[in-house]
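Here is the structure we will look at.
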Amino acid sequence: MNGSLASRTLRIEPPREWQAIDLPELWRYRELLYFFVWRDIKVRYKQTVLGAAWAIIQPLSTTLLFTVIFGVLGGMSKQVQGPYALHVFVGLLPWTFFANAVNQAANSLVGSGHLISKVYFPRILVPFASIVGGLIDFAISFAALLALMAFYGVWPTARFVVLPLFLIGTIAASAGVGLLFAALIVTYRDFRYVVGFVVQLWLYATPVLYALDIIPERWRLWYAINPMAGMIAGFRAAVLGGPWQPAVIAVSAFSALVCFVVGARYFMNVERRFADVI
Amino acid sequence: MSSDTAIAVDRLGKRYTIGAAIGTKTFRESVVETLTAPWQRFQHLAGNGRSPQFWALRGVSFTVGVGEVLGIVGPNGAGKSTLLKVLSRITPPTEGHVDLHGRVSSLLEVGTGFHPELTGRENVFLNGAILGMFRTEIRRKFDAIVAFAELEPFIDTPVKHYSSGMYVRLAFAVAAHLEPEILIVDEVLSVGDLHFRNRCLGRMEDLRNEGRTVLFVSHDLTSVRQLCTRALMLNGGQIVDDGLPDEVTRRYERLHQDASSAALGAAERVNPPPDYHLRRVELRNAADEISGRFDAGDTIAIHLWASGRAPDNSYTVEFKLFNSQDQIISFGAANPVRNTYYRADQTHFVCRLGPLPLTEGIYALSFTVRVWNAGRWDYWDRAIGFEIARCDLFKTGHGISNVHDGDFVIPQEWLAGD
């Protein structure tokens, strides 16, 4: 007989003060992560008429809205190089991923309360599954980006090879923030409302609608403490060209790492209480 | 650790914080709580507050040998579910530890994680993965699972269109194809119709015959007798009995004639009468902790709470003490003993009982509220039980049990007669 997740001898004891992530265990449970993602996608596409098209419609319609309001009426299109719509769309790709990942990861645990009170598995799989699910939407809207670039006559350069690095930074930041909120929401349900609000404000602290250049030079490194600032600036530079901002990217990358470590740490520390309070 | 031990539980304890701290809080409540905590602590120290924590399990130790089918019985609130949750790793213990030797599957319900929008086929894979099966394993067993559930024509229909019977059949079929070395299973068998129940029991018998270790929690004493090779009785978070299923279940029945109403240590009235009645009882030890377990020579503080204002002043509360053969062995009442009469607005009564001269065994208490020598207002039958865990009043090092030596030890003095 094969295929069990439990090792031969298992000791159950009171949790230690600082729980580390049990990586071998996470690896043993990788198929469950796969099934969680698979379930979320199946269910989403069964319940929606347009299915995967939403992954394109959402950023596209937001881009249209922002282009009209900020670009045309607000006159911001003069502050960016190249077509404003493309500028916004490129920024919205990682941003939409970040915002959805944070929102969904944050609410995922409470949404899986029934599962958590009936079966054991590493709880961190639940928010991770939300984030991985978001990656699939990201891939779809990335295809839309290529189409939009072709439309504007902007062609990919060799800079594309560094895109995954900014994606990894975005994943780290969203996982950190998502895990933190997920754990907070289990204990304090009012954080449900905080998440949406925080993410909404966060958009304006991130160079999605505007270019990084409008931030005065001397504030820029402080600004880069927002991990999404450097990730989106870098993402945009990789897609559309323009100067790299190595210092900004470095500060944001470090900040994303800190986010991830803090979020994961807090999550692991309160994980043991989930089944008792959910 | 001998090689034929499957489960070793060592001094396991699980403490819950009761009151506002359990369940979810809002951030605001938490802030308020923090700000008022010093005052609450002061009140607690001053004796006005109740202990905010309670042990759902305490000092639980037992081992289960490979191939044993252990049934766990006990009234509601005895700690059965907590024990299951700790053994299934859903909630961590507060103290002690458990060693599980072998692959474990735990089944606290069937169909955990089923999604109504997904088809039967999809749910088999999802549920299998949740229960710990790998994809290859599920694929290999898929046809057998579907055949077992007798759902071949509907396997690609979303389960939201299933009848509840079909749903349970599919869910159970997945669970039945787990191949653990140790199976931890809750009362899942009591759901569904008779046909389904029999299939569950049949599957459990298969497991037993295959030499697997099963830990089975149930209210259903018949299936415990039928399936198990050994039984434990839990009460008040502790093991109060351990032995052959026939004997343990018989003692359990004797102690808890209405199995859902009585507990050791503390109990809430189940199905109370509509009028004035006793609603809660707690037995507390010298440290003022709720306990269902005492030693001979201890004094029990019996706390009783009434549902509200009594019909009249000047009434009394009485107890009757039963031994494990269900015979009345003692009686006590507030007014003839201490000349205590309660007022109508009093709803909390305390009786300090002891030092207890009782021998080792299980005892039960019933309570009456009445006007002395007049009609009674309330009778709470077998309200609460307790165990005398150790009786060695003569300090011989040997316990005195009520099986052979009666229920009492009477203070005695032995002299030479001449």
Side-chain angles (χ1 to χ4, degrees), chain A residues 1-16 19 25 28-36 38-40 42-48 110 112-123 125 184-194 271-278, chain B residues 1 9 12-13 16-17 21-30 85-109 112-113 115-119 122 125-126 128-138 140 158 178-182 186:
Chain A
M1 281 167 296
N2 56 25
S4 170
L5 297 173
S7 49
R8 287 289 312 176
T9 291
L10 177 75
R11 171 161 282 209
I12 301 169
E13 52 193 348
R16 279 180 288 273
Q19 290 283 92
E25 188 189 44
R28 281 200 303 279
Y29 277 93
R30 64 192 181 277
E31 287 204 348
L32 191 55
L33 177 68
Y34 163 83
F35 274 111
F36 281 158
W38 172 85
R39 172 198 63 188
D40 290 346
K42 281 246 169 181
V43 169
R44 182 144 43 110
Y45 292 163
K46 279 185 190 193
Q47 286 172 328
T48 55
V110 175
S112 300
H114 182 72
L115 217 50
I116 284 169
S117 61
K118 293 291 181 194
V119 200
Y120 174 78
F121 54 86
R123 300 334 188 181
L125 290 184
L184 280 171
I185 286 174
V186 172
T187 333
Y188 309 108
R189 293 293 152 98
D190 16 14
F191 273 98
R192 272 189 161 193
Y193 311 106
V194 177
E271 181 183 31
R272 65 186 103 139
R273 292 207 305 261
F274 288 165
D276 297 341
V277 297
I278 210 154
Chain B
M1 189 62 53
V9 177
L12 197 68
Y16 284 105
T17 307
I22 208 165
T24 58
K25 293 186 277 197
T26 65
F27 189 59
R28 188 183 68 84
E29 277 163 8
S30 188
K85 285 193 170 181
V86 171
L87 292 177
S88 314
R89 301 173 73 198
I90 290 164
T91 189
T94 312
E95 58 180 33
H97 59 83
V98 181
D99 287 316
L100 297 162
H101 304 277
R103 277 190 330 269
V104 187
S105 286
S106 81
L107 207 55
L108 300 201
E109 67 175 6
T112 306
H115 198 291
E117 293 289 337
L118 298 179
T119 65
E122 289 161 345
F125 277 88
L126 180 62
I130 285 169
L131 293 177
M133 286 194 245
F134 280 117
R135 218 175 343 162
T136 48
E137 187 186 356
I138 306 169
R140 186 159 43 80
L178 286 168
E179 293 180 334
E181 286 161 338
I182 302 172
D186 197 5

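Reminder, nothing fancy here: chain letters follow the sequence lines and each chain counts from 1. Predicted model, so just to flag it, every value in this text is computed and none were measured.
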>> Checking Glu31(A) now: which residues fulfil side-chain contact (heavy atoms from CB on, under 4.5 Å) with it, not counting sequence neighbours?
In response: Phe134(B), Arg135(B)

> Given the options Gly113(B), Gly96(B), Ser106(B), which has more heavy-atom pairs under 4.5 Å with chain A than any of the others?
Replying inline: Gly96(B)

>> With a 4.5 Å cut-off on side-chain heavy atoms, are Arg44(A) and Glu117(B) touching?
In response: no

>> Could you walk me through whether Asp276(A) and Tyr16(B) satisfy the side-chain contact (heavy atoms from CB on, under 4.5 Å) test, starting with their C-alpha distance in whole Å, then the side-chain angles of each, then the deciding distance to 0.1 Å, before giving a yes or no?
In response: CA-CA 8 Å; Asp276(A) 297 341; Tyr16(B) 284 105; 3.5 Å; yes

>> Do Pro92(B) and Pro15(A) make a side-chain contact, defined as non-hydrogen atoms from C-beta onward lying under 4.5 Å apart?
In response: yes

> Checking side-chain contact (heavy atoms from CB on, under 4.5 Å) for the pair Arg39(A)/Leu118(B): CA distance, chi angles, key distance, verdict?
Replying inline: CA-CA 8 Å; Arg39(A) 172 198 63 188; Leu118(B) 298 179; 4.0 Å; yes

> Between Lys46(A) and Glu122(B), does a salt bridge (charged side-chain N to carboxylate O under 4.0 Å, His left out) hold up when you go through it step by step?
Replying inline: CA-CA 13 Å; Lys46(A) 279 185 190 193; Glu122(B) 289 161 345; 2.7 Å; yes

> Any side-chain heavy atom of Ile12(A) sitting closer than 4.5 Å to one from Pro93(B)?
Replying inline: yes

> So Val119(A) and Leu108(B), side-chain contact (heavy atoms from CB on, under 4.5 Å) or not? Walk me through it.
Replying inline: CA-CA 7 Å; Val119(A) 200; Leu108(B) 300 201; over 6 Å; no

> Which distance, rounded to the nearest 0.5 Å, do you find between the CZ of Phe274(A) and the OG1 of Thr91(B)?
Replying inline: 12.0 Å

>> Under 4.5 Å from any heavy atom of chain A, what part of Ser88(B) do you find: side chain, backbone, both or neither?
In response: backbone

> Asp99(B) versus Leu10(A): any side-chain heavy-atom pair under 4.5 Å?
Replying inline: no

>> Rounded at 0.5 Å granularity, tell me how far CZ in Phe121(A) sits from CD1 in Ile130(B).
In response: 7.0 Å

>> Return the NE2 to CG distance between His115(B) and Asp40(A), rounded to the nearest 0.5 Å.
In response: 8.0 Å

> Rounded to the nearest 0.5 Å, how far does CD1 of Ile90(B) lie from NZ of Lys118(A)?
Replying inline: 7.5 Å

>> I'd like to check the side-chain contact (heavy atoms from CB on, under 4.5 Å) partners of Glu25(A); sequence neighbours left out, ordered by chain and number.
In response: Asp22(A), Arg28(A), Tyr29(A), Tyr120(A), Pro122(A), Arg89(B)

